[in-house]
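Only a predicted model underlies this, so the values are computations on that prediction, with no experimental measurement involved. FYI, side chains are in, hydrogens and waters are out, and symmetry mates aren't considered; it's all heavy atoms of this structure.
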Amino acid sequence: MEAAIPLGLALPRSSTGICSFSVLLKSSPKPSLGCFGRVPRKPALFPPRAVSEDRADATPQWQLDFLGTGAGSPDPLDKEEEEEGEELLPAEATDWCVRARHSALRSIEARGLAPSLQRMVSTPRKKKKKTKAAKKKDLKKAAAELKRRKKQLDADLEDDDGDEGGDEDVVDDLRDMDDLELRVAQFADGMFDEKRQRNREAFVQTLSRFSAAPSNRSKEVSLNRSIVQAQTADEVLALAAEVIADVAKGLSPSPLTPLNIATALHRIAKNMEAVSMMQTHRLAFARQRDMSMLVGLAMVALPECSPQGVSNIAWALSKIGGDLLYQSEMGRIADVAITKVQEFNAQNVANVAGAFASMRQSAPGLFSALAQRAAQILQTFKEQELAQFLWGCASLNECPHPLLDALDAAFQNDSRFQCHVADVTSSMHQEMDRPLNFSRDQIGNIAWSYAVIGQMDRPFFLHVWRTLSQFEEQRVSDQYREDMMFASQVYLANQSLKLEYPNLGLGLRSDLEEKITRAGKSKRFNQKTTSSFQKEVGRLLYSTGHEWVREYAIDGYTVDAVLVDEKLAFEIDGPTHFSRNLGTPLGHTSLKRRYITASGWKLVSLSLQEVSHMLTAICDINWQSF
């Protein structure tokens, strides 16, 4: 460093009289203010730059942020050092804010509050987003790890063929998962898969509290009484939801036993029936969160339910959801009912069959077991239960051969059959030789059922059919739906007898047949509607050039389109003609097809889905031709 200029040396001046700094700039790295009359201080022992760098390395970043100085700006403490070696400008000498922060920092450190201040000042670091290349690398790594685990599991399975335990469950779970699920399971070292397993275990544990805990008889009875006394479906659901919430919070033992769960569902459905709740309102009620939870608990507790509980749950779901909901739940009920069918009584058999029939839920294995059980306990059946079970079997096109054989063997004397307009509630076993008091509607159901399953030459049916002669003095009106249902059922059975069993000679008398035919063909409850899809099919048929007649009546049935001269009938069957789970034709559809064929028509019957595919193919062909 060059030596400073002595004070006594005269400064060169310009022509204007102002001292020039040209000489000072050449002789000193920083200009001296001696020309303004101030005396320079002694030179610092260390260069100011070096001191600032050492302090910056020692001072934490959070302190620099608090003091308002970044990594690239000098520390105010360094300025005090610099003041010893060189002169400060007036603006720098008035930095009182930074000095106040220094004082505050020293006071905070003295009180031991530095960690709290550090948490307040420090800003969380942002995680760097992975690039596409990094994501692909993670996916490849996960796939490789997945293959390695599969090979290892296969090798372990081959080594331990005779072992049984949790490893087989792990292997089955991995094989059941698709590729996407397996990849997701490997992310973050299996964190997502572990979380899913924990959630499942927690849910199962929560549900297990409802049945695994010891019982409290007083609470169970009190809850059951409250459920039975509830006047509306909402009240019953509120009671059940309150108990479910309490059990989830730790209430043990749970008063919501399998009996109370079945009772709650049964009372909900019964209260809906009492007020004739609309189907749309029932569906909205069924989609509530609390209702879904209650149904889920019923499915968990189903194996522990009594036969009456299984019957009540099946009946309740049929009334709440109709044929639109609870398809998987009814499948589970069928599986459990088969295991308990030997404990069913006549009411259980009739209610379960009626529930499945009203929901269009086919269950061939269940109905075969129910038919065998019904044949075993035939003498305990009431007239209404017998008619309901036969109707349920016929609706799903399931023929109960064991029950039909038992009926033919048990009731061989037609003098034991009578018919009454009012319902009779006595059971068959109370008086073995008493007449069977069937009501009018029960006879209609039995007659229609035998016509559907094609067993009208059975002795039991012949005895029931002959009782219709007692209706000579009874009025059948076309003003009431019940009369119309009875008239249509008897009319179809009578027509089937004349077409398929003419040798029996069991047609109705002419006057009674005329009365029932007139009531059955009334338009009051038989108004036909033509959908836009049917109109489109009609236009397509007209385009063929043949003289198709739409909505053609063949006795008691209406066919979508016919060619009268060729005796060709074309029928489109919608979803209501088939079971909702298996897609098999229902009983009334089978009877209609058999009846039209027996009438001498060549029937071409297609489902709605088949016709839709056919129309799409025709449109594609026409489009390609253009």
Side-chain angles (χ1 to χ4, degrees), residues 201-277 281-321 325-326 329-330 332-333 336-337 339-340 343-348 350-352 354-355 425:
E201 293 174 0
F203 180 72
V204 172
Q205 185 178 4
T206 301
L207 294 181
S208 64
R209 297 176 185 172
F210 291 89
S211 57
S215 61
N216 188 327
R217 185 63 180 171
S218 61
K219 291 184 178 179
E220 294 173 8
V221 174
S222 176
L223 177 61
N224 190 278
R225 185 182 299 109
S226 300
I227 291 174
V228 173
Q229 293 177 353
Q231 299 298 319
T232 64
D234 291 320
E235 292 181 10
V236 178
L237 183 60
L239 289 172
E242 183 179 358
V243 176
I244 292 173
D246 292 340
V247 173
K249 293 177 181 178
L251 175 63
S252 181
S254 169
L256 202 60
T257 59
L259 172 62
N260 286 339
I261 292 174
T263 304
L265 287 175
H266 182 265
R267 295 302 300 183
I268 288 174
K270 194 169 184 179
N271 289 332
M272 288 181 175
E273 289 288 299
V275 297
S276 301
M277 184 181 292
H281 294 170
R282 299 191 189 199
L283 296 177
F285 186 94
R287 292 189 176 97
Q288 296 184 51
R289 181 180 63 85
D290 294 335
M291 185 63 189
S292 300
M293 190 66 180
L294 181 60
V295 174
L297 291 175
M299 295 300 103
V300 173
L302 199 60
E304 303 177 18
C305 290
S306 63
Q308 185 64 40
V310 174
S311 173
N312 287 343
I313 292 174
W315 180 84
L317 295 185
S318 68
K319 297 300 181 180
I320 297 172
L325 299 179
Y326 304 130
E329 286 80 0
M330 295 302 292
R332 176 165 173 77
I333 290 175
V336 175
T339 63
K340 298 177 178 291
E343 304 174 26
F344 277 19
N345 57 26
Q347 184 185 19
N348 302 150
N351 286 345
V352 170
T425 58

Arg217 and Pro253, any side-chain heavy atoms less than 4.5 Å apart: no
Pairwise distance CZ(Arg289) to CE(Met293) - rounded to 0.5 angstrom: 8.5 Å
Only pairs under 3.5 Å count here: list side-chain donor-acceptor contacts from residues 227-240, not counting sequence neighbours, and write none if there are none.
| unit_1 | atom_1 | unit_2 | atom_2 | d |
| --- | --- | --- | --- | --- |
| Gln231 | NE2 | Gln229 | O | 3.0 |
| Thr232 | OG1 | Glu235 | N | 3.2 |
| Glu235 | OE1 | Gln231 | N | 3.0 |

Ser218 backbone acceptor or donor facing Ser222 side chain under 3.5 Å: no
Please set out all donor-acceptor pairs under 3.5 angstrom arising from side-chain atoms of residues 307-315, sequence neighbours excluded.
| unit_1 | atom_1 | unit_2 | atom_2 | d |
| --- | --- | --- | --- | --- |
| Gln308 | OE1 | Asn348 | ND2 | 2.9 |
| Gln308 | NE2 | Asn312 | OD1 | 3.1 |
| Asn312 | ND2 | Gln308 | O | 3.4 |

Validation row: Met330, Leu325 side chains within 4.5 angstrom (heavy atoms): no
Contacts of type side chain to side chain donor-acceptor pair (under 3.5 Å), residue Glu273, not counting sequence neighbours: Arg282
Any side-chain heavy-atom pair of Thr339 and Val336 under 4.5 Å: yes
Closest contact, heavy atoms only, Ala316 versus Ala269: CA-CB, 3.7 Å
Derivation and outcome, side chain to side chain contact (heavy atoms under 4.5 Å, CB included), residues Ile333 and Tyr326: CA-CA 10 Å; Ile333 290 175; Tyr326 304 130; over 6 Å; no
Donor-acceptor under 3.5 Å (Lys340 side chain, Cys305 main chain): yes
Within-4.5 Å side-chain heavy-atom neighbours: Val295 and Ile320: no
Distance, nearest 0.5 Å, that separates CG of Leu265 from NZ of Lys270: 14.5 Å
From CD (Glu242) to CG (Leu256), nearest 0.5 Å: 11.5 Å
Ile261 vs Val300 side-chain heavy atoms within contact, under 4.5 Å: no
Inter-residue atom distance Leu223.CG - Thr263.OG1, 0.5 Å rounding: 9.0 Å
Distance in Å, Lys219 NZ paired with Asp246 CG, rounded so as to fall on 0.5 Å steps: 9.0 Å
Inter-residue atom distance Phe285.CZ - Met272.CE, 0.5 Å rounding: 4.5 Å
Heavy-atom donor-acceptor pair, Asn224 side chain to Glu220 backbone, under 3.5 Å: no
